[in-house]
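Down below is the structure, laid out as structure tokens.
Any value given below was found using the heavy atoms of this structure, including those in side chains, with hydrogens, waters and symmetry copies removed.
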Amino acid sequence: MAADVCAVIVSGGSGSRFGNPGGKQLMEVAGRPLMSWCIEAFDRAPSVGHIVVVCPAAQTDEVRSRAIAPFGFATPITFAPAGATRQDSTRAGLCATPASMRYVAVHDGARPLIAVETIEAAIAALRDDESLDGVVCGQPAVDTLKVVEDGAITDTPDRARFWTVQTPQVFSVEALRRAYDVVDATGFVGTDDASLVERAGGRVRVVESPRDNLKVTLPEDLVPIEAMLRARG
């Protein structure tokens with residue numbers, strides 16, 4: 001199997017919602033920095049041949065010394081500077097992707113529970129269908145959804161049509177580059193990386209992934225995530 005996927009781990013958030021001005025990527029969770037759990041999963045994925053860590057430029061040395069150096073990762077790891085927005089940070093990671101990589105897997109550095117099997121399943125789905133430009137991980141919506149305007153419910157859509165999506169989101173490098181060409185031409189701002197590819201006319205498929213691929217957004221998210229990491233050993 002070719003190791004032709006570059007993992008772009010985006011950890012450029014300011015930590016404003018979490019309440020930590022320095023960001024949450026280096027917070028200790030289950031005995032190690034939060035983002036090192038993500039890096040470990042992609043390091044162990046056979047299809048991944050390179051990892052780009054996107055973080056604030058001023059934190060590069062600290063990330064290297066605390067989240068990478070102690071763990072002996074085998075996959076080559078380089079850095080890209082985080083931008084003002086998530087979209088800018090993803091672009092920086094894409095620009096830092098080596099020319100030898102055919103695919104790019106974009107992942108939130110605040111999703112430490114990602115499993116190697118989930119990464120490989122998403123990559124395989126993209127490899128196996130040449131008509132696709134991307135694959136995202138997600139699950140069918142289980143909660144009732146409401147359309148709300150000014151606090152009033154205006155519609156209750158059929159939730160069978162809706163999925164919640166996560167990361168990784170895997171794309172061909174060329175498809176994601178084309179998507180950013182459209183961004184440059186139109187100024188479009190998407191809510192995730194797949195929306196950029198969709199906007200550029202790309203075909204993106206969702207693959208069902210485990211629901212425990214949780215994201216640390218607020219302090220209360222740490223309790224279940226730390227418990228699950230410790231349970232995995």
Side-chain angles (χ1 to χ4, degrees), residues 2-14 16 23 25 35 38-39 42 45 47-60 63 75-111 114 118-119 122-138 163-207 209 215:
D4 55 359
V5 180
C6 179
V8 173
I9 299 178
V10 183
S11 297
S14 64
S16 57
Q25 56 265 26
M35 66 187 300
C38 309
I39 298 171
F42 284 93
S47 295
V48 175
H50 194 92
I51 297 171
V52 175
V53 174
V54 183
C55 66
Q59 288 188 345
T60 298
V63 168
T75 307
I77 299 174
T78 54
F79 289 84
T85 66
R86 164 59 188 261
Q87 196 162 295
D88 292 336
S89 292
T90 301
R91 182 202 291 266
L94 177 64
C95 291
T97 296
S100 58
M101 297 291 109
R102 183 178 178 187
Y103 303 101
V104 59
V106 183
H107 186 67
D108 296 322
R111 291 190 187 273
I114 184 61
T118 302
I119 297 167
I123 294 169
L126 183 56
R127 287 192 199 278
D128 293 345
D129 188 342
E130 293 185 356
S131 73
L132 292 177
D133 295 288
V135 165
V136 303
C137 295
W163 285 57
T164 57
V165 298
Q166 303 173 340
T167 63
Q169 299 190 351
V170 188
F171 310 96
S172 74
V173 170
E174 291 305 316
L176 195 54
R177 285 178 176 157
R178 287 195 302 270
Y180 272 100
D181 288 341
V182 172
V183 166
D184 290 339
T186 64
F188 176 71
V189 177
T191 55
D192 69 350
D193 303 298
S195 65
L196 308 184
V197 176
E198 296 158 26
R199 175 84 171 190
R203 183 166 178 257
V204 182
R205 175 188 167 194
V206 63
V207 294
S209 58
K215 183 178 180 180

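Remark: side-chain polar atoms of Ser172 are not paired, donor with acceptor, to backbone N or O of Tyr103 under 3.5 angstrom. No donor-acceptor pair closer than 3.5 Å links the side chain of Thr118 to the backbone N or O of Ile114. A donor-acceptor pair is defined here as one N or O able to donate and one able to accept, closer than 3.5 Å; such a pair exists between the side chain of Thr167 and the backbone of Asp108. Proximity of a side-chain donor or acceptor of Asp133 to a complementary backbone N or O of Val204 within less than 3.5 Å is not detected. With Gln169 contributing its side chain and Ala194 its backbone, the two residues share a donor-acceptor pair below 3.5 Å.
A distance of 9.0 Å separates NE2 of His107 from SG of Cys137, quoted to the nearest 0.5 Å. One distance of note links OG1 of Thr186 with CG of Asp181; it measures 10.5 Å at 0.5 Å rounding. If you take OG on Ser131 and CZ on Arg205, they are separated by 9.5 Å, rounding to the nearest 0.5 Å. With rounding to the nearest 0.5 angstrom, the OG atom of Ser11 is 9.5 Å from the CD atom of Gln59.
Between Cys6 and Pro98, the shortest heavy-atom distance links the atoms SG-CD, 4.0 Å. Closest of all the heavy-atom pairs between Val48 and Thr75 is O-CG2, 4.1 Å. Phe79 and Val52 make their closest contact through C-CG1, 4.3 Å (heavy atoms, listed as atom of the first residue, atom of the second, distance). Considering all non-hydrogen atoms of both residues, Val170 and Ala105 come closest at CG2-CB, 4.0 Å. In terms of heavy-atom proximity, Pro81 sits nearest to Ala57 at CB-CB, 4.3 Å.
Between Asp192 and Arg86, none of the side-chain N atoms (NZ, or NE/NH1/NH2) sits under 4.0 Å from a carboxylate O, so this pair counts as no salt bridge. One finds a salt bridge joining Arg91 and Asp184 here, because a Lys/Arg side-chain nitrogen approaches an Asp/Glu carboxylate oxygen to under 4.0 Å.
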